[in-house]
Amino acid sequence: MSDPVLSIRNLTIDYIGATTDFRAVRNVSFDIAKGEFFGLAGESGCGKSTIAFAISRLHRPPALIRSGSQILLNGRDVLALDDAALKELRWREVAMVFQSAMNSLNPVLTIEHQFYDVLKTHTGMSRPAARARAAELLALVDIPADRLSAYPHQLSGGMRQRVVIAICLALNPKLLIMDEPTTALDVVVQREILERIHKLRQELGFSVLFITHDLALMVQVSDRIGIMLEGELVEVNDAQAIYRNPQHDYTRKLWASIPRLTGARIAEGATP
Amino acid sequence: MTESAPILALDNVSKVFHRGGSTVHAARAVSFALHPGRTLALVGESGSGKTTAARLIMREYRPDGGRLLFRGEPIEGSAVRDMKAYRSAVQMVFQDPFSSLNPVHTIRYHVERPMRLHQPNLKGAARDAAIAEVLTRVKLDPPLILPKYPHELSGGQRQRISIARALAVNPEVIIADEPTSMLDVSVRLGILNLLNDMKRQLGLAVLYITHDIATARYVAEDIMVMYAGQIVEWGATESVLGNPQHPYTRLLLSAVPDPDRPLGEETRFDHELRNIRAIRRQSAIEQPEVREIAPNHFIRPMPD
């Protein structure tokens with residue numbers, strides 16, 4: 001792969017305990033190309049969110065990235081950056097959409113103010129300029145500019161999640177990390193948001209790291225997919241190959257556990 | 001639909017909420033029936049009125065119109081003793097297994113308490129045996145699980161406890177409101193199988209509320225689709241999902257993640273979404289005539 005946006009090599013992360021350590025991520029390596037939509041799938045506790053947090057160094061003790069691990073963002077070694085460089089990296093190079101949008105917006109600030117926070121801190125933008133930029137960003141996610149003066153509780157869950165996505169795009173990041181961005185939303189809203197991300201990625205050219213345990217959804221939106229099991233990346237392949245020709249036993253089991261809308265009620269060969 | 005008499009039925013039930021100056025019709029002339037040994041799925045988007053229907057059944061809300069029938073008798077105005085029988089016959093399994101169990105009590109407490117309240121004659125060794133039986137039924141190991149606290153269990157295990165707690169009072173009806181939406185995909189199937197087992201082995205009537213239509217297909221013989229407080233399409237699950245007639249049913253189906261249809265330029269979903277937006281939500285306040293479009297498959301068409 002030529003000049004990947006993200007390159008992870010031999011990433012190992014432990015949660016340090018009083019007596020024993022828990023290895024959450026075990027020697028994981030993968031790349032994400034420019035403009036690529038990469039999905040990371042696996043069950044709760046498999047380490048996928050731990051990786052997402054580590055990429056922008058948002059992990060907190062007791063999580064510890066073991067030496068020998070490497071995370072390169074546009075060729076820069078993330079693990080070697082000092083605080084000032086990290087601040088430059090976050091939002092500008094990599095932005096993150098968390099699972100519960102309703103909790104990641106500040107309830108006592110208007111939507112406009114939340115945009116202003118990011119834009120002023122990172123670019124020193126003036127209030128009127130930030131307002132104009134915020135309106136432009138909201139338009140990207142189909143929200144009218146008059147909602148800028150609204151508070152988060154005045155918006156639906158789907159709208160709040162779209163606001164978070166718009167804020168994440170404020171500084172044109174090269175990589176957008178989305179950790180279960182639509183799990184709390186219903187299927188129609190989920191679909192609207194993912195179609196919007198799909199179009200924005202084509203227009204703006206950013207890459208996406210998409211984390212979910214919904215394999216059917218992941219195949220639908222991703223170019224390539226990595227399957228995680230107990231901290232290890234057990235299979236990486238093109239999305240359609242993961243769907244039509246899964247190689248790892250665990251990937252096959254995951255498919256077998258998903259009820260289907262057409263044909264047999266669950267995937268063939270499953271033993272419920 | 002089925003030969004057996006319904007155990008629980010909603011007959012033309014309405015519920016209106018007044019919020020600020022606006023009025024929300026959360027249930028508009030909703031009618032459906034639950035039969036022993038069958039699962040009825042209720043699907044629809046957030047805010048369509050699914051949970052309001054559940055709360056009306058659980059008597060958390062009183063209907064503004066219509067009747068709730070239990071074994072053919074209206075519930076309204078029942079004696080207190082009959083209400084207690086109703087509360088033990090109709091049990092609920094909630095969405096969030098992390099907040100529906102009390103963190104300061106053991107699993108034994110959670111399963112034992114409903115038995116003490118509803119079966120005061122069950123005591124000592126007989127009660128212990130009954131506790132072990134319901135836990136075994138949900139495929140948990142009684143001696144291992146009884147002394148534990150909720151935080152020591154996984155989401156799937158906690159949801160099994162919620163089901164065991166519901167089963168503890170020998171119910172006839174289970175209302176399951178999104179019981180798997182907060183669980184891992186790999187754990188969901190186990191919970192759905194449990195619902196299927198209960199229905200078949202204990203002859204329970206199940207109302208399965210969800211926005212995940214594929215899981216509805218897995219557990220339910222019959223399905224109804226709710227939109228803006230109305231049941232807009234209902235009938236045999238395979239018929240409704242195989243030949244959806246209402247624009248909202250078609251939209252829901254087109255939004256279900258389908259690995260065979262990668263996101264493209266123009267999708268069936270975009271088409272259905274435009275379709276539904278073109279029809280004014282407000283105009284749904286009228287109640288068009290119901291049409292039967294196939295045996296046991298009905299729709300309430302959208303007004304033009």
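What you see is a predicted model; the values in this text were computed from it and never measured. Lettering follows sequence order; numbering is per chain, from 1.
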task = Could you please spell out the steps behind the side chain to side chain contact (heavy atoms under 4.5 Å, CB included) verdict for A:Leu261 and B:Leu253?
result = CA-CA 9 Å; A:Leu261 200 53; B:Leu253 281 167; 3.6 Å; yes
message = Need one label for B:Glu272: side chain, backbone, both or neither, based on atoms under 4.5 Å from any heavy atom in chain A.
response = neither
task = Check each atom of B:Asp212 against the heavy atoms of chain A and say whether the ones under 4.5 Å are side chain, backbone, both or neither.
result = neither
ask   = Run the side chain to side chain contact (heavy atoms under 4.5 Å, CB included) check on A:Val189 and B:Glu45 step by step: do they pass?
value = CA-CA 9 Å; A:Val189 178; B:Glu45 66 190 339; 5.8 Å; no
Atom pair CG/CG of B:Asp258 and A:Leu217 - distance to nearest 0.5 Å = 11.0 Å
remark   = Smallest heavy-atom separation, B:Pro259 atom then A:Ala216 atom, equals CD-CB, 3.8 Å
query = With a 4.5 Å limit on heavy-atom distance, are the side chains of A:Glu192 and B:Phe269 in contact?
reply = yes
task = Measure across B:Ala214 and A:Pro259 and return the closest heavy-atom pair with its distance rounded to 0.1 Å.
result = CB-O, 3.4 Å
ask   = So, for B:Pro257 and A:Gln220, which heavy atoms are closest and what is the spacing to 0.1 Å?
value = CA-OE1, 3.2 Å
task = Let me see the working for A:Val188 and B:Leu251 under side chain to side chain contact (heavy atoms under 4.5 Å, CB included), right down to the final yes or no.
result = CA-CA 8 Å; A:Val188 173; B:Leu251 174 70; 4.0 Å; yes
task = Decide side chain to side chain contact (heavy atoms under 4.5 Å, CB included) for B:Val185 and A:Leu215; before the verdict, give the C-alpha distance in whole Å, the side-chain angles of both, and the deciding distance to 0.1 Å.
result = CA-CA 9 Å; B:Val185 171; A:Leu215 215 48; over 6 Å; no
note = Scanning both residues in full, the closest heavy-atom pair of A:Arg191 with B:Leu263 reads NE-CD2, 3.6 Å
inquiry  = Can you tell me which portion of A:Gln190 sits under 4.5 Å from chain B's heavy atoms? Options are side chain, backbone, both or neither.
reply    = side chain
key: Contact summary for B:Ala255 and A:Val187, nearest pair of heavy atoms   = CB-O, 3.7 Å
query = Any Lys/Arg nitrogen of A:Asp186 or B:Lys50 sitting under 4.0 Å from an Asp/Glu carboxylate oxygen of the other?
reply = no
